[in-house]
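For the numbers below, each heavy atom of this structure counts, side chains included, while hydrogens, waters and symmetry mates do not.
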2 protein chains.
Amino acid sequence: MAGTTVDEMLAVLRRDGDRVTSAKRAVLGVLTGSDEHLTAEQVAEGVHATHPDVHRSTVYRILDNFERRGLVSHVHLRHGPSVYHLTADQHHHLVCEQCDGVVEVPDKAMTGLRKVLLRDYGFSFDTPHFALTGRCRACRARESG
Amino acid sequence: MAGTTVDEMLAVLRRDGDRVTSAKRAVLGVLTGSDEHLTAEQVAEGVHATHPDVHRSTVYRILDNFERRGLVSHVHLRHGPSVYHLTADQHHHLVCEQCDGVVEVPDKAMTGLRKVLLRDYGFSFDTPHFALTGRCRACRARESG
DNA sequence: TTCCGTGCAAACAATTTGCAATAGA
DNA sequence: TCTATTGCAAATTGTTTGCACGGAA
């Protein structure tokens, strides 16, 4: 585990020779302060609440840096911007194509699939980089299907 | 099934009041003539072999039209452009994050996962719009893991 | 004769990059 | 001091759109 508290994450940066800046602190603050998955744009917004002068491109660069350090992951839920979350909080995403809702599922739910893919294709399915698409409970009920 | 031969697909278009144009025929020709998954750009290239004057934007519009008619589907395998294939040829995609290789797997391999998601989350996972990412057999062997 | 389809140029959204100035260690 | 980091503007990538003309039905 790469560390889950802000201090642990800052330690990861220092260990790798990166510098700890206020912009990085602010980005970490926004990410740890939200359960939601945030787009880079939303992270920038959050950062601007306290640091109005941090540029959008800096946020992109920081998120990219954090991702290379294993602190942050990004996922594609649908078309449009991807969303970021702390790597420590790993899970898979079910996105309803009808209502656009997102259901988070623990990795445990993938155990069976993982076995099948490994056994039959030698493929280790480990990093949830994309969502699974389909139709959620509510939408299925609504349309009696 | 929406039809798999070019004639059947053209019939779908006519049935819906769409016009059958040479650009549409050319796009269908390229798609049926390739096992590969093609980006819109590659489809345009293929079309240009016989119809050099068909504009890229027209190809996008045609692909979009075909998709709404259920003839074609697009999938995101990684960052960058999405790829198109005939809907009749449905399958899931495993993309290796190390070598970028793509393994196609039949829907059958998802039966177990589909059951779990339906039972535990009421979610019907039906449309493979995104790839599953991980590491393929060759890359795992190469790194002894 | 309709009105869908198309070419073209321009707009767009999300993200990346080059560069010079700034600021952590 | 030394070099990672940042702000800014501009470039890139993939895709969409407005408009007026041309071609299927």
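- Atom-to-atom distance recorded for B:Glu36:CD and B:Leu31:CG is 12.5 Å, nearest 0.5 angstrom.
- Between B:Ser22 and A:Ser22, it is A:Ser22 whose nearest contact on DNA chain D lies nearer the 5' terminus.
- At whole-Å resolution of the value, CZ in A:Arg56 and P in C:dT17 are 17 Å apart.
- Ring-plane geometry between A:His85 and A:His93 is classed as tilted, the angle between the planes lying from 30 to 60 degrees on a 0 to 90 degree scale.
- Taking the six-membered ring for Trp and the full ring otherwise, the centers of B:His37 and B:His91 sit less than 6.0 Å from each other.
- B:Leu63 and B:Leu13 fall within the same hydrophobic cluster, defined by Ile, Leu, Val, Met, Phe, Trp and Tyr side-chain heavy atoms under 4.5 Å apart, directly or through other members.
- Rounded to an integer number of Å, the gap from CD of A:Glu41 to C1' of C:dA14 is 9 Å.
- Phosphate contact (OP1/OP2 of D:dG7, side-chain N/O of A:Ser57, threshold under 4.0 Å): absent.
- Look at A:Thr21 and you won't find any side-chain N or O under 4.0 angstrom from OP1 or OP2 of C:dA23.
- Out of C:dC4, C:dT15, C:dT6, the shortest distance to the side chain of A:Ala40 is found at C:dT15.
- Between the side chain of A:Lys24 and the backbone N or O of A:Arg19 there is at least one donor-acceptor pair closer than 3.5 Å.
- Between the side chain of B:Arg61 and the base of C:dT6, no donor-acceptor pair of N or O atoms lies under 3.5 Å.
- At least one side-chain nitrogen or oxygen of B:Tyr60 sits closer than 4.0 Å to the OP1 or OP2 atom of D:dT15.
- Rounded to whole Å, the distance from CD on A:Glu67 to C1' on C:dT15 is 13 Å.
- Spacing between atom CG of B:Leu13 and atom C1' of D:dG23 amounts to 16 Å, rounded to whole angstrom units.
- Residue contacts shown for B:Asp64 are absent, as no nucleic acid heavy atom lies under 4.0 Å away.
- Across the interface with DNA chain D, nearest-nucleotide mapping of B:Val20 and A:His55 shows A:His55 to be the residue nearer the 5′ end.
- Proximity of A:Ser82 to the phosphate of C:dT15: a side-chain N or O atom is located under 4.0 Å from OP1 or OP2.
- One can place CG of B:Asp53 at 13 Å from C1' of D:dG23, the figure rounded to the nearest angstrom.
- Across the protein-nucleic acid pair, B:His79 atom NE2 and C:dT16 atom C1' stand 13 Å apart, rounded to whole Å.
- Within 4.0 Å of B:Asn65, counting heavy atoms only, lies no atom of the nucleic acid at all.
- No contact: A:Thr39 has no heavy atom under 4.0 Å from any strand.
- Straight-line distance from the CZ atom of A:Arg14 to the P atom of D:dT3: 21 Å, rounded to whole Å.
- The nucleotide whose nearest atom lies closest to any side-chain atom of A:Lys24 is, among D:dT5, D:dA25, C:dT6, D:dT5.
- With rounding to whole Å, B:Asp18 atom CG is found 10 Å from C:dT6 atom P.
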